Amino acid sequence: MLDVRLIRSDIDSVRAGVARRGEDTSAVDRAAELDAEVRSLAAKRDSLRAEIRSLSNEVGSLFRDGRKDEAGSLQEQSKALGEEEKQLDERAGVLASELREVMLRIPNLPAAECPDGGGEADNVLLRTEHFDPDAYGDHQRVPHWEIGEELGLLDVARAVKLSGSMFVMYRGAGAALARALCQLAIDRNVDLYEEIRPPTLVRTDTMVATGHLPKFVDEAYHSERDDLWAIPTAEVPLTSLARDEILDSSELPKRFCAHTSCFRREAGSAGKDTRGLLRLHEFDKVELLALCEPADAPALHDEILARAEGLIADLGLSYRILDLCAGDIGASARRTFDIEVYSPGVDQWLEVSSVSWFGDYQARRANLRYRPGSGKGTEVLNTLNGSALAVPRVWAALVETNRRPDGSVAVPELLVPYMRGLESLTAPDR
RNA sequence: GGAGGGAUGGCAGAGCGGACGAUUGCGACGGUCUUGAAAACCGUUGAGGCUUCACGGUCUCCGGGGGUUCGAAUCCCCCUCCCUCCGCCA
């Protein structure tokens with residue numbers, strides 16, 4: 001959520017920012033109107049309340065002095081003011097909640113550095129690494145689900161038996177590989193990022209704090225009986241860690257990393273990517289997240305990107321980095337870099353990480369504040385996050401990229417220690 | 001799951017219809033004293049909204065939401081969370 005005061009003080013730049021996304025700016029104007037009305041009503045209401053309070057205090061002192069009989073007219077006056085106050089308060093309340101709804105629909109303003117553009121096609125390709133389209137052999141042009149079945153690493157059919165489509169099951173060395181990836185991702189980041197193992201079921205207000213509710217209700221799994229939601233990403237619990245708290249500037253930036261399962265209903269994508277690991281209802285992910293003062297945000301944004309990129313690079317995958325344009329970044333982001341890995345078997349670029357800077361947009365909603373080192377009062381934090389590693393797509397790209405002509409799959413050197421020394425995935429002996 | 005007891009400022013803990021945004025203690029900050037420090041003493045010390053160039057004014061917040069009342073931290077209703085005991089359990 002934006003700061004209403006920004007709309008009050010500089011509505012043009014808010015309009016301009018929303019327009020850069022290609023979105024309608026009428027909500028901004030509506031918010032300005034509602035804000036003015038709410039404030040004028042609230043001012044009237046508050047002065048009525050002040051009068052009521054002072055009358056009541058007088059009544060109180062008359063009672064204490066044993067002059068009860070003199071209090072009657074004051075009581076009546078106060079009661080009459082009370083009626084008026086109640087009406088104003090109701091009206092103000094209605095408008096205030098309308099204002100909040102409008103504010104929640106206004107997206108964040110893209111950063112100045114965020115490239116212009118209306119959609120995916122306008123994203124700026126920053127760099128492509130380690131990629132030569134002609135360098136792939138036929139042995140690599142095999143989709144991971146076939147490799148997985150062949151080598152006994154993946155058992156899609158039985159996962160479907162257990163849970164339905166868009167669920168998978170890793171087996172044997174395939175399961176070890178999935179686990180190894182997560183552990184590697186954690187180990188590489190715990191130098192600065194505190195490892196967190198958060199709950200995967202959270203309350204409604206936790207989902208609301210990051211903006212996953214109410215907008216994406218249909219995307220989330222919900223247990224009605226307990227009113228708990230399965231997290232779609234560790235961003236949800238990690239952001240709420242410091243919710244409603246006031247951090248001291250000396251403890252900033254706060255960096256967290258977490259490995260969790262992530263659950264997504266993928267309601268809008270029925271029929272898309274139904275084979276293999278490209279789109280799943282449940283998957284594992286290691287997430288990096290930072291809370292910081294505004295001035296430190298750009299440096300942290302680079303840091304998280306560098307860490308996510310470094311892992312992909314060290315795994316030996318081909319990848320590219322996109323600077324998403326204003327029309328393609330998420331509603332709460334100010335700037336986002338996507339990392340996409342190339343997966344030769346399916347011949348696709350797969351998004352494996354979105355590294356985003358949210359400014360204070362999320363933090364305002366989640367009420368994350370800090371006390372600046374100098375000066376008084378509190379300020380709203382900035383938030384950033386990105387996946388260090390999302391298992392299924394990286395798993396898929398690895399298996400496809402590392403397939404040898406004999407059908408076996410080479411384990412990247414980095415992962416060998418996490419695989420009990422296993423260097424190669426081969427067909428089970430029969 | 002059953003039965004009880006709680007939720008108040010950074011923490012501890014009073015207040016149980018009027019003068020309470022809240023006694024007090026601890027902590028933190030500033031000062032006096034001291035060569036310096038400790039101790040002692042004095043003072044300051046929650047968050048947020050609106051308004052003001054500013055000084056200031058004013059409102060909201062005692063777990064959350066509703067209600068009673070001229071007036072609610074205090075009374076009533078609902079919800080959430082925490083604790084203790086019993087049962088069950090990885």
Side-chain angles (χ1 to χ4, degrees), chain A residues 1-9 31-100 102-104 197-209 213 222-229 237 240-252 254 261 360 363-381:
Chain A
M1 186 164 52
L2 292 176
D3 189 346
V4 217
R5 284 172 290 196
L6 187 59
I7 291 179
R8 249 178 248 161
S9 65
E33 258 172 57
L34 284 167
D35 175 53
E37 266 187 89
V38 168
R39 272 186 301 151
S40 100
L41 284 173
K44 282 184 203 145
R45 179 201 59 199
D46 286 355
S47 66
L48 277 178
R49 279 185 185 165
E51 255 182 276
I52 291 167
R53 276 173 69 143
S54 92
L55 285 172
S56 294
N57 283 338
E58 281 183 59
V59 172
S61 76
L62 287 176
F63 269 63
R64 252 172 283 119
D65 296 349
R67 299 191 285 160
K68 279 189 192 172
D69 38 317
E70 298 171 41
S73 80
L74 290 178
Q75 282 176 306
E76 267 169 47
Q77 266 184 60
S78 177
K79 189 168 189 167
L81 291 176
E83 301 288 317
E84 219 179 309
E85 185 268 350
K86 198 174 172 186
Q87 290 189 353
L88 278 173
D89 189 46
E90 262 168 39
R91 183 90 203 292
V94 169
L95 292 179
S97 62
E98 199 182 325
L99 172 61
R100 191 181 153 77
V102 172
M103 287 302 295
L104 287 177
R197 183 78 207 200
T200 32
L201 296 179
V202 299
R203 302 151 152 285
T204 300
D205 49 351
T206 303
M207 289 285 279
V208 169
L213 286 178
H222 180 225
S223 160
E224 209 150 296
R225 192 163 164 164
D226 303 292
D227 195 17
L228 288 170
W229 302 80
S240 277
L241 260 183
R243 194 168 83 218
D244 300 321
E245 294 187 19
I246 300 171
L247 304 178
D248 197 86
S249 68
S250 63
E251 51 184 329
L252 295 172
K254 281 262 189 214
S261 295
D360 59 10
R364 180 165 296 107
R365 187 171 180 138
N367 197 22
L368 308 175
R369 291 175 294 169
Y370 71 100
R371 227 179 280 284
S374 60
K376 300 215 163 194
T378 58
E379 304 279 339
V380 180
L381 284 163

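Nothing here was measured: the structure is a model prediction, and the numbers come from that model. Reminder, nothing fancy here: chain letters follow the sequence lines and each chain counts from 1.
A:Glu83 places its CD atom 15 Å from the C1' atom of B:rG71, with the value rounded to the nearest Å. A:Asn367 places its CG atom 13 Å from the C1' atom of B:rC61, with the value rounded to the nearest Å. One atom, NZ of A:Lys86, and another, C1' of B:rU68, lie 11 Å apart when rounded to the nearest Å. Computed from coordinates, the A:Leu247 CG to B:rA47 C1' distance equals 15 Å when rounded to whole Å.
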Hey, can you pull the donor-acceptor pairs under 3.5 Å for the side chains in residues 51-60 of chain A, sequence neighbours left out?
| residue | atom | partner | partner atom | Å |
| --- | --- | --- | --- | --- |
| A:Ser54 | OG | A:Glu51 | O | 3.4 |
| A:Ser56 | OG | A:Ile52 | O | 3.0 |
| A:Asn57 | ND2 | A:Arg53 | O | 3.4 |

Extract all donor-acceptor atom pairs below 3.5 Å that involve side chains of residues 31-47 of chain A and protein atoms in other chains or at least two apart in sequence.
| residue | atom | partner | partner atom | Å |
| --- | --- | --- | --- | --- |
| A:Glu33 | OE1 | A:Arg30 | NH1 | 2.9 |
| A:Asp35 | OD1 | A:Arg8 | NH2 | 3.1 |
| A:Asp35 | OD2 | A:Arg8 | NE | 2.6 |
| A:Glu37 | OE1 | A:Arg91 | NH2 | 3.4 |
| A:Arg45 | NH1 | A:Asp89 | OD1 | 3.0 |
| A:Ser47 | OG | A:Lys44 | O | 3.1 |

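Residue order along RNA chain B, read from the 5' end via each residue's closest nucleotide, puts A:Arg369 first among A:Arg39 and A:Arg369.
For residues 41-61 of chain A, proximity to RNA chain B is found at A:Asp46, A:Arg49, A:Ala50, A:Arg53, A:Ser56, A:Val59, A:Gly60, defined as any non-hydrogen atom under 4.0 angstrom from a strand atom.
Annotation: B:rG15 and B:rU35 have their C1' atoms spaced 48 Å apart (nearest Å). B:rG17 and B:rC70 have their C1' atoms separated by 12 Å, with the value rounded to a whole Å. Nucleotides B:rC76 and B:rG2, compared at atom C1', are 26 Å apart to the nearest Å. As rounded to the nearest Å, B:rU8 and B:rG49 have P atoms that lie 24 Å from one another. The P atoms of B:rU80 and B:rU23 are separated by 33 Å, rounded to the nearest whole Å. Comparing the P positions of B:rA12 and B:rG66 gives an interatomic distance of 28 Å, to the nearest angstrom. A gap of 15 Å separates the P atoms of B:rA72 and B:rG65, to the nearest Å. A gap of 16 Å separates the P atoms of B:rG21 and B:rG63, to the nearest Å.
Listed candidates were B:rA47, B:rC50, B:rU80. Nearest to the side chain of A:Arg203 is B:rU80. Taking only side-chain atoms of A:Arg8, from C-beta outward, the nucleotide of B:rG18, B:rC50, B:rC81 with the closest atom is B:rC50.
Counting non-hydrogen atoms of neighbouring residues, nucleotides and ligands closer than 6.0 angstrom, the CD atom of A:Gln87 reaches no more than 12 such neighbours.
Across A:Arg364 and A:Asp3, no two heavy atoms sit closer than the pair NH1-N, 3.1 Å. Across every non-hydrogen atom of A:Val380 and A:Tyr370, the tightest pair is O-CE2, 3.5 Å. Annotation for A:Arg365 and A:Met1: closest pair CB-N, 4.5 Å, computed over non-hydrogen atoms.
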